[in-house]
> 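Sharing a structure below in structure tokens format, with a few things to ask.
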Amino acid sequence: QVQLVESGGGLVQAGGSLRLSCAASGCTESISKMGWFRQPPGNERDFIATIIWGEETPRIADSVRGRVTISRDVAKNIVYLQLNSLKPEATAVYYCAADQTHVLWSTSSAYDYWGQGTQVTVAT
């Protein structure tokens, strides 16, 4: 089993930045990909970005490319999501996810482990 704990959410003004963290514990050696999704109120959970172990280039959704950065601290088993130039429509619960496989990285069903989510609210 893998446990994921997100942190770093909060209230930010439009145009501002936030860095979210996701700490993994448990059977972390089984993880092959780890990424982020977000779910706005009343909407589905959408893919943002993921890191696949062994690949140099993270996978980032076209809708947020240029405004988000995903990175990983291997020693600490933490994945970060840097959110820049935030817009009010970015308001959502942000979820960290991990899985034992490399495939289907943009699909929520391809991730077995999920954090509890962290709220990001972007004010106008």
> If every non-hydrogen atom of Leu104 is compared with every non-hydrogen atom of Lys33, which pair is closest and at what distance?
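Looks like O-CE, 4.3 Å.
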
> For the atom pair OG1 (Thr91) and CZ (Arg38), what is the distance rounded to the nearest 0.5 Å?
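Here the interatomic distance stands at 9.5 Å.
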
> Do the side chains of Thr57 and Glu55 get nearer than 4.5 Å, heavy atoms only?
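Sidechains of Thr57 and Glu55: no contact.
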
> Please round to the nearest 0.5 Å and tell me the distance separating atom OG1 of Thr28 and atom NZ of Lys76.
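Rounded to the nearest 0.5 Å, the OG1-NZ separation comes out at 15.0 Å.
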
> If you look only at pairs with a residue in residues 2-77, which of them pass as a disulfide bond (SG atoms under 2.5 Å apart), with sequence neighbours excluded?
Cys22-Cys96

> What distance do Gln119 atom CD and Gln39 atom CD have between them, rounded to the nearest 0.5 Å?
10.5 Å

> Quick one: OG on Ser17 to CZ on Arg67, what's the gap to the nearest 0.5 Å?
11.0 Å

> Using 0.5 Å steps for rounding, measure from the CG atom of Asp46 to the OH atom of Tyr95.
12.0 Å

> Among residues two or more places apart or on two chains, list those pairs meeting disulfide bond (SG atoms under 2.5 Å apart) that have a residue in residues 31-73.
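Of all non-adjacent pairs touching residues 31-73, none passes disulfide bond (SG atoms under 2.5 Å apart).
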
> Check which hydrophobic residues are tied to Leu20 through side-chain heavy-atom contacts below 4.5 Å, counting indirect links as well, and list them.
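Hydrophobic cluster check, Leu20: joined to Val2, Leu4, Val12, Leu18, Ile31, Met34, Trp36, Ile48, Ile51, Trp53, Ile60, Val64, Val68, Ile70, Val79, Leu81, Leu83, Leu86, Tyr94, Tyr113, Val120, Val122.
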
> For Tyr80, does the six-membered ring have the charged nitrogen or CZ of Arg19 within the cation-pi criterion, i.e. under 6.0 angstrom from the centroid and within 45° of the normal?
yes

> Mind checking the CD-CD spacing from Glu29 to Gln100? Nearest 0.5 Å is all I need.
9.5 Å

